[in-house]
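To start, the structure itself, in structure tokens.
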There are 2 protein chains.
Amino acid sequence: MTQQPHEILFRTLADPTRRGIFERLCREGEQTVVALTARAGVSQPAVSKHLGVLKQAGLVRDRQEGRRTHYSARIDALAPLTDWTKRMTGFWQSRFDDLEDLLKRMDQ
Amino acid sequence: MTQQPHEILFRTLADPTRRGIFERLCREGEQTVVALTARAGVSQPAVSKHLGVLKQAGLVRDRQEGRRTHYSARIDALAPLTDWTKRMTGFWQSRFDDLEDLLKRMDQ
DNA sequence: TAAATCGATAACCAAGGAGTTATGAATGTG
DNA sequence: CACATTCATAACTCCTTGGTTATCGATTTA
């Protein structure tokens with residue numbers, strides 16, 4: 001029961017505001033905090049806090065440039081999410097296959 | 001800004017206990033509430049509540065049989081999640097392609 | 001240098017939600 | 001019929017967390 005990699009991703013992306021910020025970084029690339037705040041619908045400290053959480057989850061990186069900080073998405077951080085989904089689908093599929101086999105054997 | 005389909009999925013799957021229940025249903029197929037409670041680490045009412053939330057999100061279906069309820073995973077409900085991830089990756093990729101194009105043109 | 005801008009942090013508040021126990025309705029079993 | 005089992009709901013508590021305002025250090029700019 002150690003910390004699985006998808007755990008933090010689900011938790012981090014669950015909040016709409018935070019996910020919105022991440023989506024914008026994916027769509028439009030690198031942005032400063034002011035730029036993000038302008039369209040986040042919440043205060044600048046709130047945005048900063050969200051960026052901190054996103055960074056903690058490895059979903060964004062930041063680059064300092066003078067007095068402003070540029071944030072950008074780290075798209076490969078999403079991998080554990082797609083892995084998890086594939087795994088779930090895989091489980092389901094294999095049980096389905098087992099059932100198919102069983103039915104096939106019963107048919108003979 | 002209407003309710004996007006992935007919204008409820010992220011919110012629902014964010015909780016570890018709830019996700020654990022869903023995972024078990026994916027792995028092992030249909031289960032009763034008692035069976036799920038046995039290994040969920042929380043009380044039966046808690047499990048029932050989680051199942052209600054999962055059902056609301058379309059992630060599980062239930063089948064009544066006498067006095068017990070059998071729950072099972074609805075695997076295709078995960079589609080909006082994979083769609084979202086693909087979309088994010090897509091945005092990132094296209095910006096990357098644009099950059100590549102730009103560099104290529106500058107090179108000529 | 002004085003004023004303005006950027007962004008992080010602290011301190012606080014309110015709401016949401018995950019957990020609990022208690023209970024009851026419905027079904028099965030002796 | 002009496003008892004046990006299953007599971008959903010209600011009522012409650014408590015902690016987490018997303019939001020706010022206030023502030024401050026670090027930069028630019030006038």
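In what follows, chains carry the letters A, B, and so on, assigned in the order in which the sequence lines appear, proteins first and then strands, with residues in each chain numbered from 1. Quick caveat, the model's predicted, so the values are computed rather than measured.
For the OP1/OP2 pair of C:dT5 and a distance below 4.0 Å, the side-chain nitrogens and oxygens of A:Arg68 include no atom meeting the criterion. For C:dT20, one of the phosphate oxygens OP1 or OP2 lies less than 4.0 angstrom from a side-chain nitrogen or oxygen of B:Ser43. A close approach under 4.0 Å does occur between a side-chain nitrogen or oxygen of B:Thr69 and OP1 or OP2 of D:dA8. Here B:Tyr71 does not reach the OP1 or OP2 of D:dT6: none of its side-chain N or O atoms lies under 4.0 Å away. A close approach under 4.0 Å does occur between a side-chain nitrogen or oxygen of A:Thr17 and OP1 or OP2 of D:dG19. Of the side-chain N and O atoms in A:His50, none sit less than 4.0 angstrom from OP1 or OP2 of D:dT17.
Interface remark: the B:Lys49 side chain does not form any donor-acceptor pair with the C:dG17 base, using a distance-only criterion of under 3.5 Å.
The NE2 atom of A:His70 sits 12 Å away from the P atom of C:dA8 (whole-angstrom rounding). When rounded to the nearest whole Å, the span between CG of B:Leu13 and C1' of C:dG17 equals 16 Å. As rounded to whole Å, 12 Å separates atom C1' of D:dC7 from atom NZ of B:Lys55. Here C:dA18 presents its P atom at 12 Å from CZ of B:Arg19, a figure rounded to the nearest Å. Rounding to whole angstrom units, CD of residue B:Gln44 and P of D:dA10 are separated by 14 Å. If you take CZ of A:Arg67 and P of D:dT27, they are 11 Å apart, rounded to a whole angstrom. Atom-to-atom, CG of A:Asp62 to P of C:dG7 comes out at 11 Å; the value is rounded to the nearest Å. Protein atom CG of B:Leu51 is 15 Å distant from nucleotide atom P of D:dT6, rounded to whole Å.
Ring geometry for A:Phe10 versus A:Trp84: interplanar angle over 60°, hence perpendicular rather than tilted (30 to 60°).
When hydrophobic clusters are built by joining Ile, Leu, Val, Met, Phe, Trp and Tyr residues whose side-chain heavy atoms come closer than 4.5 Å, directly or via intermediates, A:Val42 is grouped together with A:Val60.
Counted within 6.0 Å of CZ on B:Arg24, heavy atoms from surrounding residues, nucleotides or ligands total more than 12; the atom is thus considered enclosed.
Of the candidate nucleotides D:dT21, C:dG7, C:dG17, C:dG7 has the atom nearest to the side chain of A:Thr32. Each of C:dT21, C:dC6, C:dA10 was ranked by its minimum atom distance to the side chain of A:Val34; first place goes to C:dC6. Of the candidates D:dG18, C:dA8, C:dG17, D:dG18 carries the atom nearest the A:Asp15 side chain, counting heavy atoms from C-beta on. In the set D:dT21, C:dT20, D:dC7, D:dC7 carries the atom at the smallest distance from any side-chain atom of B:Val33.
The one candidate from B:Glu30, B:His70, B:Lys55 that meets the side chain to side chain contact (heavy atoms under 4.5 Å, CB included) condition with B:Asp62 is B:Lys55.
Heavy atoms of A:Thr37 sit nowhere under 4.0 angstrom from any nucleic acid atom.
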Q) Could you go step by step and tell me if A:Thr37 and A:Ser43 meet the side-chain contact (heavy atoms from CB on, under 4.5 Å) rule? A) CA-CA 7 Å; A:Thr37 301; A:Ser43 66; over 6 Å; no

